[in-house]
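One structure is given below, encoded as structure tokens.
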Amino acid sequence: GRVADLREAVAAAVNRPPQDLTLLCAGHKLSHDATAIVDVVPTGRQVMVLFRGPRPQPLLALHNPYRGSNACIEVPSGATVGEVIELARRELDLPNSLIDVTLYSCHLHAMLEPELLASDYDLLSMSTFIIVRRSVSGRITVPRVSSLLSTSTGRQPSRLCP
């Protein structure tokens, strides 16, 4: 059989999706599903199966430059950026008068679009964001985050979340 056949058989036996399994033999990852097993698994060798757990949800360290407040939130699976902004509004206790805000990613150096999924962005497991207002032209001025957060909180951005 092929590596794909082995992966599917193991997945069925352990009731996991095949893409959650990593097969290893003699220190090598069996990644080419079309390869014949006899070509990659020497006689008498064992195959090790690794299970990938669910991807951890990113933690977002948020900074509100309008009030100097900080918060840390976990991004719910399948949440849009707009939903994350609403979570940030609650956590940072933003006034209702502060409208048309978005998140600026210090990692991506970009504003996140509210209609997109948070998972559409390459978020780190711990990312720092600033709440910013959109201008009519769509341009924003973003302060240096590391100096802003370390002076306002006495802690580095990566230490805002537990």
Side-chain angles (χ1 to χ4, degrees), residues 3-24 29-34 48-146 148-150 152-153 155-162:
V3 170
D5 301 328
L6 177 61
R7 184 182 320 277
E8 289 171 16
V10 171
V14 295
N15 197 26
R16 298 285 295 260
Q19 65 270 18
D20 283 357
L21 305 180
T22 300
L23 304 178
L24 302 171
K29 183 177 175 182
L30 308 180
S31 55
H32 301 291
D33 282 346
M48 182 185 298
V49 180
L50 301 177
F51 298 94
R52 287 189 210 129
R55 183 176 177 186
Q57 299 303 313
L59 287 176
L60 304 185
L62 302 166
H63 179 69
N64 176 2
Y66 308 106
R67 287 195 170 173
S69 57
N70 300 298
C72 184
I73 62 171
E74 185 173 313
V75 177
S77 180
T80 65
V81 172
E83 292 167 334
V84 174
I85 291 170
E86 288 309 309
L87 283 172
R89 277 185 165 289
R90 286 194 297 274
E91 286 295 317
L92 293 170
D93 196 27
L94 294 179
N96 290 335
S97 61
L98 189 59
I99 58 171
D100 203 22
V101 296
T102 190
L103 295 176
Y104 177 84
S105 167
C106 303
H107 162 66
L108 301 172
H109 304 288
M111 287 189 303
L112 277 59
E113 296 299 326
E115 64 276 0
L116 296 178
L117 292 175
S119 60
D120 290 340
Y121 293 95
D122 182 25
L123 299 178
L124 300 173
S125 60
M126 205 336 257
S127 301
T128 302
F129 290 82
I130 302 176
I131 295 288
V132 294
R133 289 183 182 169
R134 291 179 185 256
S135 67
V136 175
S137 66
R139 297 185 63 177
I140 58 168
T141 302
V142 179
R144 285 181 47 103
V145 176
S146 58
L148 178 69
L149 289 176
S150 60
S152 67
T153 65
R155 295 187 289 176
Q156 292 299 318
S158 61
R159 299 188 186 198
L160 289 174
C161 293

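Nothing here was measured: the structure is a model prediction, and the numbers come from that model. In what follows, residues are counted from 1 in the order of the sequence shown.
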| request: Mind checking salt bridge (charged side-chain N to carboxylate O under 4.0 Å, His left out) for Asp20 and listing every partner two or more places apart, or none if nothing turns up? | output: none
| task | For Thr80 and Pro114, work out which heavy atoms get closest and say how close. | result | CB-O, 3.7 Å
| said: Tell me the closest heavy-atom pair linking Met111 and Tyr104, and the distance in Å. | reply: N-CD1, 4.0 Å
| remark: Scanning both residues in full, the closest heavy-atom pair of Ala118 with Val84 reads CB-CG2, 4.3 Å
| request: With sequence neighbours excluded, tell me which residues meet salt bridge (charged side-chain N to carboxylate O under 4.0 Å, His left out) with Asp33. | output: Arg7
| request: Check side-chain contact (heavy atoms from CB on, under 4.5 Å) between Val81 and all other residues, then give those that pass, not counting sequence neighbours. | output: Ile85, Leu112, Tyr121
| request: Search all heavy atoms of Arg16 against all heavy atoms of Leu21 and return the closest pair with its distance. | output: CB-CD2, 4.3 Å
| query | Mind checking what makes side-chain contact (heavy atoms from CB on, under 4.5 Å) contact with Thr22, not counting sequence neighbours? | reply | Leu24, Lys29, Leu50, Arg52
| query | Does the side chain to side chain contact (heavy atoms under 4.5 Å, CB included) test come out yes or no for Leu103 and Leu62, once each step is laid out? | reply | CA-CA 9 Å; Leu103 295 176; Leu62 302 166; 3.9 Å; yes
| said: So which atom in Ala11 and which in Pro17 form the shortest heavy-atom distance, rounded to 0.1 Å? | reply: CB-C, 4.1 Å
| message | Any heavy-atom pair between the side chains of Arg89 and Val101 that's under 4.5 Å? | response | yes
| task | List for me each residue that meets side-chain contact (heavy atoms from CB on, under 4.5 Å) alongside Asp120, sequence neighbours excluded, and say none if there are none. | result | Leu116, Leu117
| field | Partner set under side-chain contact (heavy atoms from CB on, under 4.5 Å) for Leu6, not counting sequence neighbours | value | Val10, Leu23, Ile37, Val47
| field | salt bridge (charged side-chain N to carboxylate O under 4.0 Å, His left out) partners of Glu91, counting only residues at least two apart | value | none
